[in-house]
J.: 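Structure incoming, see below.
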Amino acid sequence: MKPSMPQSDPAGTRRRTSFLNTIAKGGREALYYSRFLISALIGISAISARAASLDLSRAKIFVANSQSRIEAKAAEMLRDEIEKRTRIGLDIVAAQPGADEVVIMIGTAEELLSRSLAPPAGLEIPSKADGYAIWIDSTKGHATSVCAAGHDQRGTLFAVGRLLRLLAMDRDALTLDSGVRLATAPRYALRGHQMGFRPKTNAYDGWTVAMWEQYFRDMIVFGMNALELVPPRTDDDLDSPLFPKPPMEMMEAMSQLAADYGLEVWIWYPIIDKNYEDPATVAAILKEREETFRRLPRIDAVFVPSGDPGEVDPRYLFPLMAKIKKVLNRYHPHAAIWTSPQNYDDKPKTRGWLGDFYEQLHSGQADWLDGVVFGPAVTTTLEKLRQQVPDRFPIRLYPDITHSMKCQYKVPNWDAAFGLTEGREAINPRPEGYAKIFRQSQQYGIGFISYSEGCNDDFNKVLWSCLGWDPGMNVEEITKEYSRYFIGDRDAAKWSEGLLDLEKNWNGPLLTNHGVDDTLHLFQSLEKDATPQEKLNWRFQQGLYRAYYDAYVKARLEYETDLERQAMACLRKANEVGSSRSRAQAEAILDQVETRKVAPELRAKVFELGEALFQSIHMQLSVPRYQAKEVSRGANLDTIDTPLNNRFQLEKRFSDIRKLPSEEERLAAIAQLVK
Amino acid sequence: MFMARCFPTRSSRRIQGTILFLGAWLLLLGQNQAIPMADSAGTGLSPFLDLTAACLVLPAGMTCPENKAAQMLVEEVEKRSQIGWPIASDLPASGKTAVILGRRSELERAFPALANKLKTIGNDKPEGYTIVTLEPGLVIVAGNDQRGVLYGAGRLLRLLTYRRGQVVLDGSVDIVSAPRYRLRGHQLGFRPKTNSYDGWTVPMWEQYIRELVIFGVNAIELIPPRSDDDADSPHFPLPPMQMMVEMSRLAAEYGLECWVWYPAMDKDYSDPVTVTAALKEWGDVLRQLPRVDAVFVPGGDPGHTPPKVLMPMLEKQAAQLRQFHPGAQMWISPQGFDAEWMEDFYAIMKTEPAWLDGVVFGPQQSESLEELRARIPKRYPIRFYPDITHTIHCQFPVPDWDYAYVATLNREPINPRPLDEAAIFRRYQPLAEYGFLTYSEGCNDDLNKCIWSCLGWNPDENVTNILRDYSHFFIGDDMAEGFAQGLLALERNWRGTLISNEGVYTTLLQFQAMEKAATPQLKQNWRFQQALYRAYYDATDRARLLSETLQEQRAGEPLSKAKSIGSFQALAAAETALASPDVKPAAEWRARVFELAEALFQSIHMQLSVEKYQAIAIRRGANLDLIDFPLNNAQWLRERFAEIRSAGTEPERLQRIDEILNWTDPGPGGFYDDLGNTVMEPHLVRGESYSEDPAFLHSPFTGFGGSMFDSIPRATTRVSSATHSEVLNDQPLEMLYRNLDKYAHYRLRVVYGNEHLSSSKIPVRLVANERYEIHPFMKRDRSQRPVEFDVPTEATASGELRLTWTGPAGQGGNGRGVQVAEVWLIRAQDGSPQRSVSSP
């Protein structure tokens, strides 16, 4: 898992267009790009951009508090992520650098202040968890200092993450706009994503600890402060042939990583046993959980879904959760427990399932409960849920950002051809769509941990993280920041456009969506000039995979639709040429799908990219090739040839028609068919 | 302590966590009371030993390389089994299993209870080790010295059988082993042309160096940033100087010899200014390296400096080298020297320069290894420097390689050649007592490296067993036999003519079966990917060769009817027959080749295409770009057709068509030899067997030239002209005809070979029966048009005609030049040639 390392490039391309958008953005963030703003407004010339940048290629990294594990991790992250993109390995130094040096200072605002580094006048760090400020102190007499100052320990991590997004990184070049000066804090306290190390996630089950750490970092850079683990036993297979470690060991390692970075650890812990009224079952449930809780270095909360999977009557669910919490707090005294009413109300009782659930919340017996989760398969609206749930219970959103159909937020106006081929769990950047959903729902909650089944929805995670920090960010800023950091400066604008285009590819009837070919051309132009590092970058591969796959589906849909039209035209002449001849002709035309394949080069490319993704992030896009768990779990290479016309149905009808005794009947049947 | 590094490193920071973790284990285990081993004589050992729950016991006083050995052992076991052995410093409680690793002396000191076990089974040879299983569940790996610990750990890794969640040692083990040769190394050049290496990161290098160590390698050879290659590669994850430092550091940490291959690239070392600059340049590089044991300066390839000038410069370099690395050696090779330089070199060597430590025997040396040894004073050891990486235009070409492979796989493909390499080793290595450090251009030759390493350790090792060992360790126990035999099958794919080698498809079927059964981990394993790539590529080649051969035959049909249907129509029909088919032959295999190329780019950054993966050049192993290269004469025919169309009259056109159709016809009573096509060269005088002369120093061999070696490869040379037979250096090329018509008058028609890389300006002389000069030294015609000569009737009067081609003596360079592609011996009717052919 390697991020891109942008190629050397003419200085002109290193323009900082994303700043423009940042300036334009409203919301809570205080941003001051005084010097830059002027040059931006008059149109940036390469010269002025260079003049305004600070060379950091020889900078030192200094951590203010050598005792802080989080700050140490922040420093390592900064050094490593810079090195991956620039080949420049900055040193993390133990002694504060002297006057003639350039240093990146990492610490809380207080710690920095104790080293005489105060924010410039007018720049105030919001007094809120995870907040931070970034500025450059060029006071004479001590080192030029790029200050990444957190309101708290974890704030330093996000300051460094933001700094990484602001740096101009190129092969052997590292600079920062010298006018950088900002202070910000997140709007929502909880910003997390579910990361299930389990077979059905179609890539995660092949990830090593090192790959997980990389992914955590990638998410931290965009503000993620929580993640949700999945225990070894869920509604999934116990083992995956791709597991590099047994799942319990991996769960421990992931919890440890989160602890190292100071991230909240949630566990999505469904109750999948039957007969929970049976004390023996309850004892077994508690025993299993105790083992998990005991082994994990950090747990902040356990989320017990009431369904999807699970079928627990609230009258049993609540007492069981109370017991689970006791066990939990034995090992993690401050850990919380949450639940969700994810249950189809299919066994109506007096009040129905949801009614029973509300009753439990209002009973006064649920003091130990810490909050309620709104996720898929909840039979009420979020607004109503908020009204019904007592105010003392916060609501966490649990949005499904991973599925395209048969899910909480299906792709609107999705062409059936995509459903038949790319299927329910495809690579699915949906910037505009999810931004809209976020804005409609988020105000009711304290934040979110998304429902995700792998890295297909990587962009969507970043989108939620960004909006969770600053709901005022517009979508294009997010696609650009994402592209700039993960793909590189040189191709950021095009990639950003590509992400938006991929979403448009999925909008409306495919036959008339000519944008699909333009999208492919855009991605092909990126591919043609790609650096080796870009080609090794899984995000780059995913974008290409979708662009090629979409274009191939469109080419096939056009072709097969036309073949069917031609076949029908033949059938219409049945009266003139006879039923048997017209049928044979129609069949021959329909069979051209096999004999004269359309766009084989697009298809071949999809398979090459499928191989690339298997190698780079162990993504399993096929069951026979890569041992994906099931075709429906994102293994859409296996459905790439699904017929997109009625060939099979027609050929079945043909064979029925052939059996009819008289020509008259056959012609009548054909006439019927043509209608 | 366990993972302590000898040298400061960027990556050491990343394993601090692991150190903490292991440290905790040490503390934990330290609390266990060690129970001295009971003497366990008597009952036999169990047939296999489950080491899943074992710990690794290390004595106090482990050196840095020994700690690396322990780290390697633990990590490589874990990669294969998901079992992470904890580290302990005491022997385990009774009933527990353990692996005990260390230098013998330290083990004896730390564990007196084991001392007599170790004493009775030890040996003292450098780099040697003992591995012995003791009841009830102890495996002792005792190195004779620091490196012995490393190789003992490596050997144990090869002996273990891994399953997910399980590590097992099959059978009881009692091994005492030490290497036969002192130097066992491979060149690892971080430079653009090596087609994967330039994309490797420091951890990838460490992994590869480890894998070499596990099979007994004790030396690596680095290349400085400036060599006969581009200064930069878009793949470089670090600037080359930095990477060189890192690789030298790795050698130091593992306790391996670090050689530097340092070509003398400057124009004129007789100029003192150049020498001063060179001293500074080399010094700046060498002083930065944590470890240097030897610098090897090739006299040629690349190199152009006469020894009289080169050696004084090297004397200065040697003195400077020893300032930075006391005791470091200076070596030189007389590669590419001509006869005069060679004599100068011997003369200097006779003076026994004290600054020089040894002489290297490598590619492009016209003298034999025997001769070199005989003429170099005994005090200088000889290091063998065999090319294990190339298939053609090289020191050890693939014998009689098929044109189709040359045109596609080309010079630097994935090339497992177990039997060839063993033959080369057995023929030459005994003449170079010191050992070897191979010439390699990447990881295409990975298996060949392993063959050399293993034979360098034990020359008597059975090759198939080496392959089993390689496959067992790298591919896994389940597929070890299948993969080992598959590697032999890949070498067999390259034997004989491809059109008749049906085994190529069998090889593919076998690999497909392995592919189907492969675990996800195996599919991510680059060695598995490489073998599959070759199996699919070879089979695609054969399918296409069959199809294109048939196409060409079909194109001949209308041409043979040209008289009746008219020349234009005949040409048009022939062109249609030659057109590329809509559906490519073996399209699915071909598609899989592309997928595997993608896999290899992702897994080890292998660059199998210039366009797709930014390889430096097509001929640097980017053979995906040649996968559709024509294997028949279609392109040559199309060019002829164009010429024929512009010919003035129909009779002329028909005449030219006739010439094409009858290209290989020598007329009644005549003979046609297509040299370079093993089934069509009956009159070629063959030389020694392959095992006697695998470098073809005394024997003719198949060579290749023509437009496929143009900067943009083209297929415009007739296949028969693109293949030739050739000889090296001062060796003659001979053809022999017996039982000719004593009374006839013969003429000779010849197409000479044209290899761009050879000194193609070298003139060639042809003599019949050692007396009759057919033609004096003459330059070859680059267009390769046939040339005709009269054969004096005296020459054939005995009924026997011996044709001898020679080049000028003592040329040096790569030694190639005498190359003959096609020969017609035409029996003239009525004392004159049967047909006239255009002469130059």
Side-chain angles (χ1 to χ4, degrees), chain A residues 2 5 7-8 72 76 79-80 83-84 87-89 91-92 171-172 205-206 208-210 213 239-246 249 256-257 260 527-528 530-533 535-536 538 541 595-597 600 603-605 607-618 620 624-628, chain B residues 8 10-11 13-14 16-18 21 78-79 82-84 164-165 198-199 201-203 232-239 242-243 515-516 518-526 529 582-584 587-588 590-605 607 611-615:
Chain A
K2 278 214 207 118
M5 189 201 288
Q7 271 282 74
S8 336
E76 279 173 31
R79 179 199 58 206
D80 296 349
E83 188 173 3
K84 279 168 199 158
R87 314 200 298 181
I88 297 169
D91 283 329
I92 301 173
R171 199 190 206 215
D172 304 329
D205 50 343
T208 60
V209 177
E213 177 160 12
D239 195 12
S240 156
L242 284 108
F243 279 165
K245 255 184 195 304
E249 280 178 39
Q256 183 61 56
L257 276 175
D260 292 345
E527 183 187 22
K528 190 167 170 287
T531 62
Q533 292 73 32
K535 285 186 174 168
L536 293 168
W538 65 269
Q541 293 158 11
T595 54
R596 294 176 55 195
K597 299 210 183 239
R603 186 180 183 279
K605 199 68 214 192
F607 277 80
E608 284 173 35
L609 288 158
E611 183 69 45
L613 281 160
F614 175 67
Q615 297 298 333
S616 61
I617 45 162
H618 309 173
Q620 304 130 43
R625 282 167 181 261
Y626 307 122
Q627 293 178 248
Chain B
R10 61 185 61 239
S11 44
R13 302 176 290 228
R14 286 166 202 157
Q16 279 165 3
T18 328
F21 172 74
E78 185 165 11
K79 273 175 204 156
Q82 302 189 352
I83 300 297
R164 214 176 180 216
D198 50 344
T201 59
V202 177
D232 196 10
S233 156
H235 302 274
F236 278 165
L238 279 182
Q242 262 173 268
M243 188 58 88
E515 184 183 26
K516 210 167 162 228
T519 61
Q521 292 72 31
L522 198 49
K523 285 185 175 164
Q524 287 158 17
N525 179 329
W526 64 269
Q529 292 161 4
D582 282 343
V583 178
K584 292 192 161 80
E588 287 187 14
R590 182 181 176 279
R592 189 69 189 130
V593 173
F594 277 79
E595 290 165 24
L596 287 160
E598 183 68 45
L600 281 160
F601 176 67
Q602 297 296 330
S603 61
I604 43 162
H605 309 175
Q607 303 131 38
E611 201 195 317
K612 289 169 86 90
Y613 306 119
Q614 292 178 247

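Every chain is numbered from 1, with letters handed out A, B, ... down the list of sequences.
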J.: Counting only heavy atoms closer than 4.5 Å, note whether B:Ala591 contacts chain A via side chain, backbone, both or neither.
T.: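 When you check distances to chain A, no heavy atom of B:Ala591 falls under 4.5 Å.
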J.: Side chain, backbone, both or neither: which part of A:Pro246 has a non-hydrogen atom closer than 4.5 Å to chain B?
T.: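 Contact with chain B is through both the backbone and side chain of A:Pro246.
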J.: Under 3.5 Å, side chain of B:Glu595 to main-chain N/O of A:Ala612, donor-acceptor pair present?
T.: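 Absent.
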J.: Any salt bridge linking A:Arg171 with B:Asp232? Criterion: basic side-chain nitrogen under 4.0 Å from a carboxylate oxygen.
T.: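 Here A:Arg171 pairs with B:Asp232 in a salt bridge, since their nearest N and O are under 4.0 Å apart.
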J.: Answer yes when A:Lys528 and B:Glu611 have at least one side-chain N-carboxylate O distance shorter than 4.0 Å, and no when they do not.
T.: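 No, this pair does not count.
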J.: So which part of A:Glu527 gets closer than 4.5 Å to some heavy atom of chain B, the side chain, the backbone, both or neither?
T.: neither
J.: May I ask you to decide whether A:Lys535 forms a salt bridge with B:Glu598, counting only side-chain N to carboxylate O separations under 4.0 Å?
T.: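 Salt bridge between A:Lys535 and B:Glu598, a charged N being under 4.0 Å from a carboxylate O: no.
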J.: If every non-hydrogen atom of A:Gln627 is compared with every non-hydrogen atom of B:Pro520, which pair is closest and at what distance?
T.: OE1-CD, 3.1 Å
J.: B:Gln521: which residues meet the side-chain contact (heavy atoms from CB on, under 4.5 Å) condition with it, sequence neighbours left out?
T.: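 Scan of B:Gln521 (side-chain contact (heavy atoms from CB on, under 4.5 Å), adjacent residues dropped) gives B:Thr519.
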J.: With a 4.5 angstrom heavy-atom cut-off, is it the side chain or the backbone of B:Lys516 that approaches chain A, or both, or neither?
T.: neither
J.: Once you round to the nearest 0.5 Å, how far does CZ of B:Phe236 lie from CG of A:Asp172?
T.: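 Nearest 0.5 Å value for the CZ-CG distance: 11.5 Å.
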J.: Between A:Lys597 and B:Asp582, is the salt bridge (charged side-chain N to carboxylate O under 4.0 Å, His left out) condition met? List the steps.
T.: CA-CA 10 Å; A:Lys597 299 210 183 239; B:Asp582 282 343; over 6 Å; no
J.: Using a 3.5 Å distance criterion without hydrogens, assess whether the side chain of B:Arg164 forms a donor-acceptor pair with backbone atoms of A:Phe243.
T.: yes
J.: By a 4.5 Å heavy-atom criterion (distance strictly below it), what part of B:Ala587 contacts chain A: side chain, backbone, both, or neither?
T.: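 Neither the backbone nor the side chain of B:Ala587 comes within 4.5 Å of chain A.
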J.: Where is the tightest heavy-atom contact between B:Pro234 and A:Gln533, given as atom of each residue plus distance?
T.: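 Heavy-atom minimum between the residues: O-NE2, 3.0 Å.
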J.: Not counting sequence neighbours, which residues clear side chain to side chain donor-acceptor pair (under 3.5 Å) with A:Gln615? List them please.
T.: A:Glu611, B:Gln529
J.: Can you tell me which portion of B:Glu515 sits under 4.5 Å from chain A's heavy atoms? Options are side chain, backbone, both or neither.
T.: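 No part of B:Glu515 comes within 4.5 Å of chain A.
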J.: Shortest non-hydrogen contact from B:Gln524 to A:Leu242?
T.: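 What the structure gives for the nearest pair is NE2-CD2, 4.2 Å.
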J.: Of the listed residues (B:His235, B:Glu78, B:Arg592, B:Lys79), which shares the most heavy-atom pairs with chain A below a 4.5 Å separation?
T.: B:His235
J.: Got a donor-acceptor contact below 3.5 angstrom from the B:Lys523 side chain to the A:Phe614 backbone?
T.: no
J.: Quick check: do B:Val583 and A:Arg596 have side-chain heavy atoms less than 4.5 Å from each other?
T.: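 No, their side chains stay 4.5 Å or more apart.
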J.: Which heavy-atom pair separates B:Gln614 from A:Pro532 by the least distance, and what is that distance?
T.: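 What the structure gives for the nearest pair is OE1-CD, 3.2 Å.
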